[in-house]
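Only one structure is covered here, and it is reproduced in the block below.
Since this is a predicted model, take the numbers as computed values, not measurements.
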Amino acid sequence: MKKIASLVLLLCFALNYSFAQVGIGTTAPDTSSILDVVSTNQGILVPRLTTLQENAIVNPATGLLIYNTERKEFRFNKGTTASPSWIKTSRNASVKYSNDASDTSVNVNSNSTIRAPIISTIEWNDDTTLYTVNAATNTITVTETGRYRISINVSLSTTSGTDRLTPEMWISVNGTQRGTFGSTGYIRTNQGHQESSLHITEVFELTANDVLSISIRRTANGGNVNLRSAGSSNIYVEKI
């Protein structure tokens, strides 16, 4: 009889334990959690795998989390066990700005190089400590060393009667030209050809506190060329 009673008590304890919450570093785990880890001076280490080891996981569960030591990022399986799809847990921090209506009156086909006025209206800034923006000077400063993708789109328009207007632009880092030139902005004006555009996408290794700006100037005939309309030109910077 005592053995039966002991067995019942053990079974009840096991059942209770199987549905209990687990607390590490706390005796009162949060009621919404199955596991509550509390510490003021330590963290949690998840399995650290190379890409080869990540791909070798057999039937990874949906939501399985690992740290990829080669990519230096947390990754999880958003696919199924039969067809895994590993992605990082968060998007890259980026910033995007565009021009406003007042910028459309600036002549970007000047003999002297100017900064393209496309940093006026914020679209988003994921990290204001990483990207410091100065709309007055049309510059973006990055505060961390790393690799950045920079995309520039400038829409052009003219009402000038002068033919063959061709502004050219480039990315400047700390005031110095870097990377490719955008030279596709040819405007013929004849037969109603009064619009064009310039585009650049580059990836740079930048140093903390490097200052980005977009330089633009005339390379053919003189005549006013303006940004086409509010929001038609923009700059996008992403730390990758």
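- Donor-acceptor pairing under 3.5 Å is lacking for the side chains of Asn174 and Thr176.
- The CD atom of Glu205 sits 4.5 Å away from the CZ atom of Arg147 when rounded to the nearest 0.5 Å.
- Counting heavy atoms from C-beta on, the side chains of Leu130 and Glu144 come closer than 4.5 Å.
- Closest of all the heavy-atom pairs between Asn138 and Ile119 is OD1-N, 3.1 Å.
- Thr219 and Glu168 are not linked by any side-chain donor-acceptor pair at a separation below 3.5 angstrom, with hydrogens and angles left out of the test.
- A salt bridge links Asp126 and Arg91; the closest N-O separation between the charged side-chain nitrogens and carboxylate oxygens is under 4.0 Å.
- With a 6.0 Å radius and a threshold of 12 heavy atoms from other residues, nucleotides or ligands, Arg218 has its CZ atom above the threshold.
- Using a 4.5 Å heavy-atom cutoff, the side chains of Leu49 and Ile57 are in contact.
- Side-chain atoms of Asn190 never come within 3.5 Å of backbone atoms of His193 as a donor-acceptor pair (strictly under, hydrogens ignored).
- Using a 4.5 Å heavy-atom threshold, the side chains of Phe204 and Ile171 count as touching.
- In this structure, CG in Asn234 is found 4.5 Å from NZ in Lys96, a value given to the nearest 0.5 Å.
- Trp170 and Val225 are assigned to two separate hydrophobic clusters, defined by single-linkage of ILVMFWY side chains at heavy-atom distances under 4.5 Å.
- Residues Thr143 and Ala208 come closest through the heavy atom pair O-CB, 3.4 Å.
- Under a hydrophobic-cluster definition in which Ile, Leu, Val, Met, Phe, Trp and Tyr are linked whenever side-chain heavy atoms come within less than 4.5 Å, directly or via other members, Leu35 and Ile44 are assigned to the same cluster.
- Not one N or O on the side chain of Ser83 forms a donor-acceptor pair closer than 3.5 Å with the backbone of Thr80.
- In this structure, Phe74 shares a hydrophobic cluster with Val46, Leu65, Tyr67, Phe76, Ile87, the cluster being traced through Ile, Leu, Val, Met, Phe, Trp and Tyr side chains under 4.5 angstrom apart.
- Atom CD of residue Gln194 and atom OG of residue Ser157 lie 6.5 Å apart, to the nearest 0.5 angstrom.
- Of the possible donor and acceptor atoms, none in the side chain of Ser229 sits under 3.5 Å from a partner among the backbone N and O of Ser232.
- Linking Ile, Leu, Val, Met, Phe, Trp and Tyr whenever their side-chain heavy atoms come within less than 4.5 Å puts Ile114 and Leu198 in one cluster.
- Distance alone, capped at 3.5 Å, is enough to place a donor-acceptor pair between the Ser196 side chain and the Thr184 backbone.
- A heavy-atom distance below 4.5 Å is found between the side chains of Ser197 and His199.
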Q.
Show, in sequence, the C-alpha distance, side-chain angles and deciding distance for Ile122 and Val133, and conclude whether the side chain to side chain contact (heavy atoms under 4.5 Å, CB included) test is met.
A. CA-CA 9 Å; Ile122 185 172; Val133 180; over 6 Å; no
- Task: Test side chain to side chain contact (heavy atoms under 4.5 Å, CB included) on Leu227 and Val106 and set out the steps.
- Result: CA-CA 8 Å; Leu227 302 186; Val106 177; over 6 Å; no
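- No side-chain donor from either of Ser120 and Asn99 sits under 3.5 Å from a side-chain acceptor of the other.
- Here OG of Ser160 is found 9.0 Å from CG of Asn107. Values are rounded to the nearest 0.5 Å.
- The same ILVMFWY cluster, assembled from side-chain heavy atoms under 4.5 Å apart, contains both Ile34 and Val37.
- With hydrogens and angles left out, the side-chain atoms of Ser215 and Ser172 include a donor and acceptor closer than 3.5 Å.
- When atom types are taken as modelled, the side chain of Thr158 and the backbone of Asn224 share a donor-acceptor pair closer than 3.5 angstrom.
- Using a distance-only test at 3.5 Å, with no hydrogens or angles considered, a donor-acceptor pair links the side chain of Gln21 to the main chain of Ser33.
- In terms of heavy atoms, Glu202 sits closest to Gly179 at OE2-CA, 3.3 Å.
- At a cut-off of 3.5 Å, with distance as the only test, no side-chain donor of Ser155 or Asn153 sits close to an acceptor on the other residue.
- In terms of modelled atom types and a separation under 3.5 Å, the side chain of Asn226 and the main chain of Arg228 share no donor-acceptor contact.
- Between Tyr131 and Tyr148, the ring planes are perpendicular. Angles over 60° get that label, and only those under 30° would be called parallel.
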- Task: Go through the steps for Val173 and Leu212 under the test side chain to side chain contact (heavy atoms under 4.5 Å, CB included), then give the verdict.
- Result: CA-CA 5 Å; Val173 180; Leu212 302 172; 3.9 Å; yes
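- Between Gly79 and Thr62 the shortest heavy-atom distance is O-OG1, 2.5 Å.
- Minimum heavy-atom separation, Asp36 to Asp30: OD2-N, 2.9 Å.
- Remark: Thr132 OG1 to Asp127 CG distance equals 9.5 Å, nearest 0.5 Å.
- Put simply, the side chain of Arg71 does not reach to within 4.5 Å of the side chain of Lys88, judged on heavy atoms.
- A donor-acceptor contact closer than 3.5 angstrom is absent between the side chains of Ser94 and Asn92.
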- Take Leu165 and Leu156, measure what side chain to side chain contact (heavy atoms under 4.5 Å, CB included) needs, and give me the verdict at the end. CA-CA 10 Å; Leu165 305 174; Leu156 303 172; over 6 Å; no
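- Residues Leu64 and Trp86 have side chains in contact (heavy-atom distance under 4.5 Å, counting atoms from C-beta outward).
- With hydrogens and angles disregarded, no donor-acceptor distance shorter than 3.5 Å links the side chain of Arg115 to the backbone of Thr139.
- The two residues Ile150 and Ile152 come nearest to each other via the heavy atoms CG2-CD1, 3.7 Å.
- Within a 6.0 Å sphere centred on NZ of Lys78, other residues, nucleotides and ligands contribute 12 heavy atoms or fewer.
- The CG atom of Asn68 lies 10.5 Å from the CG atom of Leu52; values are rounded to the nearest 0.5 Å.
- Looking only at distances, no side-chain donor or acceptor of Arg164 sits under 3.5 Å from a matching main-chain atom of Asn221.
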